[in-house]
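Read the structure below first, then the notes.
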2 protein chains.
Amino acid sequence: MPVDLTPSQALGLWHEVTLQQVHEDGRDLTLRQLAILLEIYLVPPPHTVRGLAARLGVTKPVITRALDTMGEQGLVTRMRDERDRRNVVIKRTVDGALYLERLGDLIIAGGRKLAP
Amino acid sequence: MPVDLTPSQALGLWHEVTLQQVHEDGRDLTLRQLAILLEIYLVPPPHTVRGLAARLGVTKPVITRALDTMGEQGLVTRMRDERDRRNVVIKRTVDGALYLERLGDLIIAGGRKLAP
DNA sequence: GACGAACGATACGGTAGCGTAACGACAGCC
DNA sequence: GGCTGTCGTTACGCTACCGTATCGTTCGTC
C-alpha cells in the first residue's frame, strides 16, 4: 500500500513537520542522528556500529559520537556482545520509542493538515 | 485533499527519506536551515529576517547565520529593501528551487516505496 | 535637526559536530 | 603462544552552530 504524493504535497508535508520540530524539539537532533535512530527502531536487531556505518554510508566515529549524544539523552543504550566481545549491540529504550511515536504523530498530523 | 498515514507509514516514510538524504546530500543542512529554506520557498514573499525568526520561534542571529551559510551555497539571496533600508528581503534562487525539487522527488519516491 | 525605536549584523565564549589517523581489546588461525 | 584482522573508541585540529549582548544604520516623529 504505497503512498502517492504530489510534489506540492510532499514539500508541504516536510515544511509542516520540520516547522513543528524546530518549534518544540528541545533535543535538536542532527539529520544523521535521526537517521540512526530510525534505523535502530524500524529495522530488526541486532544493530552494531559497523553495520549502521555501512548502512548510512558514514564513518564509524560518526556512529560512536551519535550514540554518545543520544545515549546521554536516553534515546538508545549500548551493551557489549558477550558472544563476541569486540562487538557492541545497540538497544532500544522506552524514551526512544516515545520520541519516535511523537514524531510519527507529528507527521500524521502534518499529512492531515495538507491543502485544506 | 489531506494525506492519511498510519503510524508505521509515517515513520517509514521519514526513515526512507532521511536515509537517502544522509547518503547523498553533500550540503548537510541543519533542521533549522531546512525549515527556513522551506518557509522561503513555500510561503508567499516577502520574507524578512525578523519575520522568519518569529515564524520559527528562534532568535534573529540564527536566521542571519543560516542565511549566510545558505547564501554561500547559492540556495538563497539577500537584498536590501530600497523602500525601507532597514529591512532585508530574502529572495529565492534557481539553485534553491532545484534543491527543493530534488527533495520533493526523494519524498515522493519514499512514499511510493512504502510497505511493498 | 534631534531622539527613540526597529532592523539586521556582529562579537564573544562555549559546545558539538566533522574527517583522518591511531589505539587497545578481542577473536580466529597457524 | 604469536600474528593478523576486525571490532569500537579515542585523539587531534578544525569548522559551524548556539545564545546573549551589543552595534551601526535607518525610519518616524517631534
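From a predicted model like this one, the values you see are computed outputs, not experimental measurements. In the text below, chain A, chain B and the rest are named by the order of the sequence lines, each starting its count at 1.
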* Check A:Gln9 against A:Leu114 and note the closest heavy-atom contact, atom names and distance. => O-CD1, 3.7 Å
* How close or far is atom C1' of C:dC18 from atom CG of A:Leu56, stated in whole angstroms? -> 15 Å
* Structure fact -> note: A:Ile63, atom CD1; C:dG19, atom P; distance rounded to Å ~ 11 Å
* Let me know the distance between CG of B:Leu31 and C1' of C:dA16, rounded to the nearest Å. => 16 Å
Under 3.5 Å, which protein N or O atoms sit close to an N or O of nucleotides 10-14 of chain C? Give each pair with its distance.
none

* **Residue-phosphate contact under 4.0 Å: A:Arg32 side-chain N/O, C:dG19 OP1/OP2** => yes
* Between C:dA5 and B:Arg86, is there an OP1 or OP2 to side-chain N/O distance shorter than 4.0 Å? -> no
* Find which nucleotide of DNA chain C each of A:Glu82 and A:Val62 is nearest to by heavy atoms, and output the residue with the more 5' nucleotide. => A:Val62
* Asked: If you take all heavy atoms of A:Thr18 and B:Ala35, which pair is closest and at what distance?
  -> CG2-CB, 3.5 Å
* With a 3.5 Å cut-off and no angle check, do the side chains of B:His15 and A:Glu39 form a donor-acceptor pair? -> yes
* Taking atom P of C:dA16 as reference, at what distance in whole Å does atom CE of A:Met70 sit? -> 15 Å
* **Nearest non-hydrogen partners of B:Leu42 and A:Leu11, listed with the distance** => CD1-O, 3.5 Å
* **Nearest-Å distance for atom pair CZ/C1', residues A:Arg80 and C:dG24** => 10 Å
* Please find the earliest and latest nucleotides of DNA chain D, in the 5' to 3' direction, that have an atom within less than 4.0 Å of any heavy atom of chain B. => D:dC17 to D:dC27
* Structure fact -> On a heavy-atom basis, the closest approach of B:Arg112 and A:Pro2 is O-CB, 3.2 Å
* Asked: How is A:Gln33 classified with respect to the nucleic acid when contacts are heavy atoms under 4.0 Å: base, sugar-phosphate, or nothing?
  -> sugar-phosphate
* Is a side-chain N or O of B:Arg80 found less than 3.5 angstrom from the main chain of B:Arg85, in a donor-acceptor match? -> yes
* Round to the nearest Å and state the distance from B:Arg83 atom CZ to C:dC7 atom P. => 15 Å
* Considering non-hydrogen atoms only, spot the tightest contact between A:Ile108 and B:Thr6 and give its length. => CD1-C, 4.0 Å
* **Exercise: identify the closest heavy-atom pair between B:Gly74 and B:Thr93** => O-OG1, 2.6 Å
* To do: Can you tell me the distance, in whole Å, between the CZ atom of B:Arg85 and the C1' atom of C:dA5?
  => 18 Å
* To do: Can you tell me the distance, in whole Å, between the CG atom of B:Asn87 and the P atom of C:dA5?
  => 18 Å
* Asked: Under the 3.5 angstrom rule, does the side chain of B:His47 hit a backbone N or O of B:Ile90 as a donor-acceptor pair?
  -> no
